[in-house]
Amino acid sequence: MNEKREINEIFLKPYNANEHEDSVYKIWEKSNIFSPEKCIEKGYTDKDAPKFSMVLPPPNVTGVLHMGSAFMLVTEDTLIRFNRMKGKKTLWIPGMDHAAIATQSRVEKELLKKEKKRKEDLGREAFIERVQSFAEDNRVRMREQIKKIGSSVDWDREAFTLDEPRAKAVRYAFAQMYKDGLIYRGEKVVNWDPKGQTTLSDDEIEYQEGKAKLYTFRYSKDFPIPVATTRPETKVGDTAVAVNPNDKRYKKYIGQTFEINFVGIPLSIKVVSDREIDPEFGTGAVGVTPAHSKVDEQIAKRNKLPSIKVINEYAKMDIDDEELRGKKTLQAREIIVERLKKAGLMEKEEEVEQNLSVSYRSGGTIEPLPKEQWFIDVNKKFKIPHSNIDGIENGELVSLKELILHAVKNKQINIVPERFEKVYFNWIEKLEDWCISRQIWYGHRIPVWYKDKAVYCDTVPPKEEGWEQDPDTLDTWFSSALWTFSTLGWPDNLKINKDGTLEKTGDLLHYHPTDVLETGYDILFFWVARMILMSTYHLGEIPFKTVYMHGMVRDGEGRKLSKSLGNNIDPLDVAEKYGTDAVRMALLVGTAPGNDTKVSEQKLKAYKHFSNKIWNVTRFVLENTSTDSVDEIFIKEKEQKHLDEWKKIAKEITTDLEKYRIHLASEKLYNYFWHRLADILIEESKSTLLNGDEDDKKSVATLLNIILKENLIMLHPFMPFITEAIWQITYVENKKPLAVERWPIK
RNA sequence: GCGGGAUUAGCUCAGUUGGUAGAGCAGUGCUUUUACACAGCAAAGGUCGUAGGUUCAAGUCCUACAUCCCGCACCA
């Protein structure tokens, strides 16, 4: 008993993550433990075990993985590994997003910079090829990055939002919704991005706080009502002035039309009444520009007013006035203001706080323009043929808005932390039709063809000659919205029976709905809500049971990480420096769901030290115990107390993980390992192991072995590399990796 | 304007169903004793934003206020 076990030489020096990480990942890949089917084949997972499935929120193929992606991967990998070790049939599907606008504009920029060419110089086909090869290069690199973080995704099922199976799903989804009248084409005032030359959905607009001038003026000397505006240049497109129906000042003018000359431009202005007008604000009268304001468009619609488009797609004036024609809106504004002043029509100028609408991608100032676009109607009622959604019957008349509201309200989908449910409901209340068409080249082409006045929509092009396909592509979020089921073989894996019921087969049957959707709170609307929309509509079922929201990664001072701030942290750099496990722990410990996390050098260093601690504890146990017995029969009373304490904590940690309290589980493990196992159990064991009698020695040795082994197992989801590396050297049996070892607590 | 969050040790943050406050880093003292100096040990540090309330008991629940942050809307 006094003899020490031979220990592997490798333990004689400090833990060096770089020596182990790549080979450990290869062990996992080789043993196919990321595939649930292979795990069953090898006997690692019971055939009848319950499943646990997740999709990876596909990172944009625009480039390299950032700290935010690392945070996401780490959180998800921890959940996946935990469930896999619990014995579940565990599937995590990887993939990437073509990120239409973002990717296209990256390539456009590069093309301009390197070759001084515009996409039009190449032509649609050649340009798309460019983008595709850019995306493919990035995918190769990003795959390696995803691996480096330790992600245990099933690579055989890797998907891309723009590959052929997903393209089929997109066409199928579009055609189905078109047939149900939920997708329509219509002319409306939309968010036009003159910089990116495309429309955007309401959610793709960001607001920049700023100051603006509010001008109060009269259209002409003989016009009785003054109006105020921050955009004088749009006033050349006015067709009405709206006042509150109860406003005594203006009541007598309601219904009258004034033919006037507005600083050189003839206008026909009708005075209309509208309840939305606040008589207290400004002059109590609004100049209505139906073509260039969504609010005005509504007023115009209610009052049957004509609409005059005066600004074009390049944010330049399109009007019959020599000085103004072709001028940018801001220049035109100055000209109009100048003319108003000269004519003595300007009554007041004041500075006001006003938010500027900009594109979240290009940063371009949004210009509301009337355009013919494709929309998803969120309010139209349709008969849902088949429903697995609690409280929604087969054949019930519902709208998409009702479906997405219901799924969460009814608690079929839980959002963690719960406060985001309120944010979600808030968004739904204000939800309007989703503009899904984009005027860019890279993306899913809209599956609609035109010939003369005929329109054809289907999953395949019309057979006859002469049909012209719609040039627009779809909002990238349209294809992402199908992600939970397009990655599981939809539509092929969904049979529609004669009686209208749906029957799932294959992966779709086995893994949908997925269990958890883990993603950042910044894409709750963009993505989470749209997935719920698509899944409830197309499958009549929820896409996932739980939504786990994580926050943003910030620097030590709480600033967003960004290249322009120069505080960007490359996850691979720090992984190289501190070890991936340390990076994982630094991100996980103490970061409650939905909260932002700050990464600092200090925190990373602390968990690098922890890795070394694990390494050295293992070395001590191996060196100082002559048995690797984990048979509790040898445990005596004193050690039993320690064991009981550990079991209690292990149980707590398990519950924490089941309830998505990853931040607590990881902290408890850390604390137990360092401040109980290392600081107390090992310190106390020293004298016994040196001088104690044989039974005591055996009791202590067994205790240390049990606790170390179980700690390694339970640390694995958080710190997979070092734990697997140690396992491979010490405990491995029949080449069974730690990653599929069974969790010690039921 | 509507909604949400935060306010706990010098700094960054945890704190699960209410039961006499925890971690990392920084800082103090001691210790180079062969698992680990990428260390250990010991001590120090908080009236949990303010004011009320519920309760045997409140960092935790309720109300009001203050300060900060975020999301959404937006008025011409």
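When reading the values below, keep in mind they use all heavy atoms of this one structure, side chains included, and skip hydrogens, waters and symmetry mates. Here is how names work: the chains are called A, B, and so on, in the same order as the sequence lines, proteins then strands, and each is numbered from 1.
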task = Answer yes when Asp202(A) and Lys294(A) have at least one side-chain N-carboxylate O distance shorter than 4.0 Å, and no when they do not.
result = yes

remark   = Phe525(A) has its side chain closest, among G71(B), A14(B), A76(B), to G71(B)

message = Does Val589(A) reach a base, just sugar-phosphate, or nothing at all? Heavy atoms under 4.0 Å.
response = nothing

task = Would you kindly give the CD1-to-C1' distance between Ile680(A) and A42(B), to the nearest whole Å?
result = 14 Å

task = List in chain and number order the residues that pass ring pair (Phe, Tyr, Trp, His ring centres under 6.0 Å) with Tyr215(A), two or more places apart in sequence or in another chain; answer none if no residue qualifies.
result = none

Nearest-Å distance once atom P is located in both A21(B) and U47(B) = 13 Å

request  = Please identify each residue that fulfils side chain to side chain contact (heavy atoms under 4.5 Å, CB included) with Ser687(A), with sequence neighbours left out.
outcome  = none

request  = Using heavy atoms and a sub-4.0 Å distance, could you list which residues of residues 417-433 of chain A are near RNA chain B? By number, please.
outcome  = Arg419(A), Lys422(A), Asn426(A), Lys430(A)

In residues 574-583 of chain A, what donor-acceptor pairs under 3.5 Å come from side-chain atoms, sequence neighbours left out?
from      : atom 1 : to        : atom 2 : distance (Å)
Lys577(A) : NZ     : Glu601(A) : OE2    : 3.0
Tyr578(A) : OH     : Glu601(A) : OE2    : 2.6
Thr580(A) : OG1    : Glu21(A)  : OE1    : 2.8
Thr580(A) : OG1    : Glu21(A)  : OE2    : 3.4
Thr580(A) : OG1    : Lys148(A) : O      : 3.3
Asp581(A) : OD1    : Phe721(A) : N      : 3.1
Asp581(A) : OD2    : Ile722(A) : N      : 2.7

request  = Could you measure between the two P atoms, the one in C48(B) and the one in G10(B), and give it in whole Å?
outcome  = 13 Å

request  = Provide the distance between the two C1' atoms, one in C36(B) and one in A43(B), to the nearest whole Å.
outcome  = 23 Å

ask   = Closest nucleotide of RNA chain B for Val617(A) versus for Phe610(A): which of these residues is on the 5' side?
value = Val617(A)

note = side chain to side chain contact (heavy atoms under 4.5 Å, CB included) filter on Leu431(A), not counting sequence neighbours, yields Val378(A), Lys401(A), Ile404(A), Trp427(A)

query = Considering only the P atoms, how many Å lie between C2(B) and A73(B), rounded to the nearest integer?
reply = 16 Å

query = Say you pick atom C1' in A44(B) and the same atom in A9(B); how far apart are they, in whole Å?
reply = 11 Å

task = Between U60(B) and U8(B), how far apart are the C1' atoms? Round to whole Å, please.
result = 12 Å

request  = Would you mind checking if Glu349(A) and Lys341(A) are paired as a salt bridge, meaning a charged N to carboxylate O distance below 4.0 Å?
outcome  = yes

message = Classify Lys686(A) by what it touches in the nucleic acid, base, sugar-phosphate, or nothing, heavy-atom distance under 4.0 Å.
response = base

query = Applying side chain to side chain donor-acceptor pair (under 3.5 Å), which residue pairs with at least one partner in residues 276-289 of chain A are found, sequence neighbours left out?
reply = Lys235(A)-Thr289(A), Asp238(A)-Thr289(A)

inquiry  = With a 3.5 Å cut-off and heavy atoms only, can you find an N or O donor on one side and an acceptor on the other between the side chain of Glu683(A) and the base of A35(B)?
reply    = yes

message = According to side chain to side chain contact (heavy atoms under 4.5 Å, CB included), who are the partners of Arg419(A), at least two apart in sequence or on a separate chain?
response = Pro417(A), Asn595(A)

request  = Would you sketch RNA chain B in dot-bracket for me? Only Watson-Crick or G-U wobble pairs with both distances under 3.5 Å count, crossing pairs as [ ], other-strand pairs as |, the rest as dots.
outcome  = (((((((..((((.....[..))))..((((.......))))......(((((..]....))))))))))))....

task = Assign Asn595(A) to base, sugar-phosphate, or nothing according to its heavy-atom contacts below 4.0 angstrom with the strands shown.
result = sugar-phosphate

message = By the 4.0 Å heavy-atom rule, please label Leu524(A) as base, sugar-phosphate, or nothing.
response = nothing

message = Once you apply a heavy-atom cut-off of 4.0 Å, does Asp679(A) come out as touching a base, just sugar-phosphate, or nothing?
response = sugar-phosphate

query = Below 4.0 angstrom, N of the basic side chain to O of the carboxylate: do Glu367(A) and Arg231(A) qualify?
reply = yes

ask   = Among residues 229-247 of chain A, which residues get a heavy atom nearer than 4.0 Å to RNA chain B?
value = Thr229(A), Thr230(A)

remark   = Residues at least two apart in sequence or cross-chain that pass side chain to side chain contact (heavy atoms under 4.5 Å, CB included) with Lys651(A), listed by chain then number, are Ile745(A)

request  = Could you list the residues that satisfy side chain to side chain donor-acceptor pair (under 3.5 Å) with Lys613(A), not counting sequence neighbours?
outcome  = none

inquiry  = If I compare all heavy atoms of Pro370(A) with all of His292(A), which pair ends up nearest, and what's the gap?
reply    = CD-CE1, 4.4 Å

ask   = Are Arg218(A) and Glu347(A) close enough for a salt bridge, meaning some N to O gap below 4.0 Å?
value = yes

task = For C11(B) and G49(B), measure between their P atoms and round to the nearest Å.
result = 14 Å

ask   = Under the criterion side-chain contact (heavy atoms from CB on, under 4.5 Å), which of Val310(A), Thr365(A), Ile311(A) is the partner of Thr329(A)?
value = Ile311(A)

task = Identify whether NZ of Lys or CZ of Arg in Arg676(A) sits under 6.0 Å from the centre of the six-membered ring of Trp646(A) and within 45° of that ring's axis.
result = no

request  = Could you give the distance separating U67(B) and G24(B) at their C1' atoms, to the nearest angstrom?
outcome  = 27 Å

task = Report which part of the nucleic acid Lys13(A) touches: base, sugar-phosphate, or nothing (heavy-atom distance under 4.0 Å, all strands).
result = nothing

What are the atom names and distances for every N/O pair under 3.5 Å that joins the protein to nucleotides 23-25 of chain B?
from   : atom 1 : to        : atom 2 : distance (Å)
G24(B) : OP1    : His675(A) : NE2    : 3.2
C25(B) : O2'    : Gln602(A) : OE1    : 3.1
C25(B) : O2'    : Gln602(A) : NE2    : 2.7

